[in-house]
Amino acid sequence: MATRRIASLFGRSSNSRHFLYGSRYVLISFVTWIPAIIFFNEHVGEVGIINGPSMYPYLNTSYNESIAKDLCWINKYNPTGNLQRGMIVAFRFVPISLSPCSTAHSFSLRNRSPESGRVAIKRIIALEGDEVQTRAPYPFPRAAVPPGHVWVEGDNRDRHKTLDSMRYGPISMNLITGKVTHVLWPWKSAGPIPWWQFKGRTKVFKARKEEPLE
Amino acid sequence: MSKFKRLQGKYLGHPLRLLIATAKGVAAAHLFSEYAYSVSGTWGASMMPTFEAIHDQVLISRFYRGGKGIVVGDIVTFDSVVEPGARVIKRVLGLEGDYVLRDTPGDSSTMVQVPQGHVWVIGDNLPYSRDSRHFGPVPKALIKGKVIAKVLPFKERKWIVNGLQPAG
């Protein structure tokens, strides 16, 4: 008796054909939005998750206290335009190592497929034309940043906790997919990122500002 | 006819609805040209005689995005390593781990190994090409597709066949 009443509750005022038509309409109107959402995420902006301790203490401040990850807003509009020293950028990560090293960290990266489309988030330290005074994993004492490239580093002081240009050299600007402009989570650090206040410890010999050619 | 009438009733006199539908259509077309197929013009003398310096249109398969399934001899399109915003078409001459000649043949005999996640690209027209001899290996992540056919001019239409594969 009860089952019949429940069945009649679901079947009330609709036969199965009517139900199918209704759900089809909902499904189609949802599917047509998917290209628009992908377009938005690729060219306007996207919410990004910060993985790992490489940007400590600025991002993932509590990485050694909890498994919570910071959320940030990545601005995807004109990603290679107007790049400045100190900006935090997201870029397509190419897992290579300039110096042959046998740490477990780099080994695990080597086994991962390079086509996996991983995105890394690091801070721009030097722009094209600059020269950088390098540190330990880099095989040479000085590095010149070639045209169309930038030098990126994680904020973490421990060189084993960040995989950056000290290991793989300058990266092409066209690999950059967006600029990290806001922290969204946790609440206490949410807000715009004041990248212009950043003072790095890497010594950068800045290129002289060139006059635009007429 | 009744279908057309229904569409007319849905969009005519509803400018916002029409705008949203147009935007969704544009996004879908953009997605198709980014991830499926697109037609693009060639520019520059670096790939002569495979492509003329100007006015050639080629069909690009985007399923090879990120260098997936690329082999030696394929013609790929990628974002320039040195120039932000520029798109380049070149031929792949070495995959990761391969040893390639660093300079123009005859200049030196220095060989370099292509690093992991990179390819070595060279233009078909050696004296007029700026390629891996100048800017080094190209990250696979910059590869946006593979050129599979020449579509315009119509008389010269043809599939691009990889001629650098071992016979049999």
Side-chain angles (χ1 to χ4, degrees), chain A residues 25 28-44 78-83 89-100 106-107 109-120 127-129 145-150 167-177, chain B residues 6 10-11 17 19-36 62-70 76-88 95-97 112-121 130 132 134-144:
Chain A
Y25 181 78
I28 286 173
S29 59
F30 176 71
V31 163
T32 57
W33 276 104
I34 290 176
I37 293 164
I38 295 174
F39 183 89
F40 186 87
N41 280 345
E42 283 194 351
H43 299 284
V44 183
N78 193 8
T80 56
N82 192 29
L83 293 174
V89 290
F91 58 94
R92 291 190 215 96
F93 173 67
V94 183
I96 61 158
S97 157
L98 286 176
S99 52
S106 66
F107 182 70
L109 274 161
R110 204 164 289 164
N111 285 346
R112 221 168 274 164
S113 157
E115 289 105 330
S116 55
R118 275 157 34 92
V119 168
L127 300 171
E128 52 184 347
V145 184
H149 286 63
V150 290
R167 214 172 275 274
Y168 46 72
I171 62 158
S172 173
M173 271 159 80
N174 270 333
L175 287 169
I176 296 174
T177 56
Chain B
R6 214 172 66 202
K10 193 174 174 190
Y11 291 114
R17 201 182 275 173
L19 194 75
I20 290 172
T22 312
K24 286 200 285 195
V26 168
H30 177 82
L31 202 71
F32 184 83
S33 74
E34 287 275 286
Y35 288 96
R62 301 284 183 177
F63 295 102
Y64 296 87
R65 182 176 253 274
K68 281 190 284 284
I70 290 291
V76 293
T77 170
F78 57 95
D79 285 343
S80 169
V81 180
V82 287
E83 204 180 328
R87 222 11 107 72
V88 197
L95 301 176
E96 47 190 347
V112 290
Q113 190 178 21
V114 181
Q116 193 194 10
H118 289 65
V119 293
W120 193 264
V121 293
R130 202 162 28 155
S132 281
H134 308 92
F135 50 70
V138 176
K140 273 182 170 181
L142 288 180
I143 295 178
K144 292 291 180 275

Asker: Can you tell me how far CZ of A:F39 sits from CD of B:E34, rounded to the nearest 0.5 angstrom?
Answerer: 9.0 Å
Asker: Considering all heavy atoms of both residues, which atom of B:A141 and which atom of A:L175 are nearest to each other, and what is their separation?
Answerer: CB-CD2, 3.7 Å
Asker: What are the two closest heavy atoms between A:M173 and B:P84, and how far apart are they?
Answerer: CE-CG, 3.5 Å
Asker: How long is the straight-line distance from CG of B:L142 back to CD1 of A:I171, given to the nearest 0.5 Å?
Answerer: 9.5 Å
Asker: Hey, what do you get for CG (B:D79) to CD1 (A:I176), rounding to the nearest 0.5 Å?
Answerer: 12.0 Å
Asker: Restricting to ring-ring contact (aromatic ring centres under 6.0 Å, His included), what partner residues turn up for B:F135, sequence neighbours left out?
Answerer: none
Asker: Check each atom of B:A29 against the heavy atoms of chain A and say whether the ones under 4.5 Å are side chain, backbone, both or neither.
Answerer: neither
Asker: Does B:S33 have any side chain to side chain donor-acceptor pair (under 3.5 Å) partners at least two apart in sequence or in another chain, and if so, which?
Answerer: none
Asker: Counting only N and O atoms by type, is there a donor-acceptor contact under 3.5 Å from the side chain of A:N174 to the main-chain atoms of B:V82?
Answerer: no
Asker: Does any backbone or side-chain atom of B:A23 lie under 4.5 Å from a heavy atom of chain A? Answer side chain, backbone, both or neither.
Answerer: neither
Asker: Using a 6.0 Å cut-off, check whether atom CZ of B:R87 has over 12 heavy atoms from anything other than its own residue.
Answerer: yes
Asker: Could you go step by step and tell me if B:Q116 and A:V94 meet the side-chain contact (heavy atoms from CB on, under 4.5 Å) rule?
Answerer: CA-CA 8 Å; B:Q116 193 194 10; A:V94 183; over 6 Å; no
Asker: Quick check on A:E42 against chain B: is it the side chain, the backbone, both or neither that has a heavy atom closer than 4.5 Å?
Answerer: side chain
Asker: Given a strict heavy-atom distance threshold of 4.5 Å, which part of A:I38 is in contact with chain B: side chain, backbone, both, or neither?
Answerer: side chain
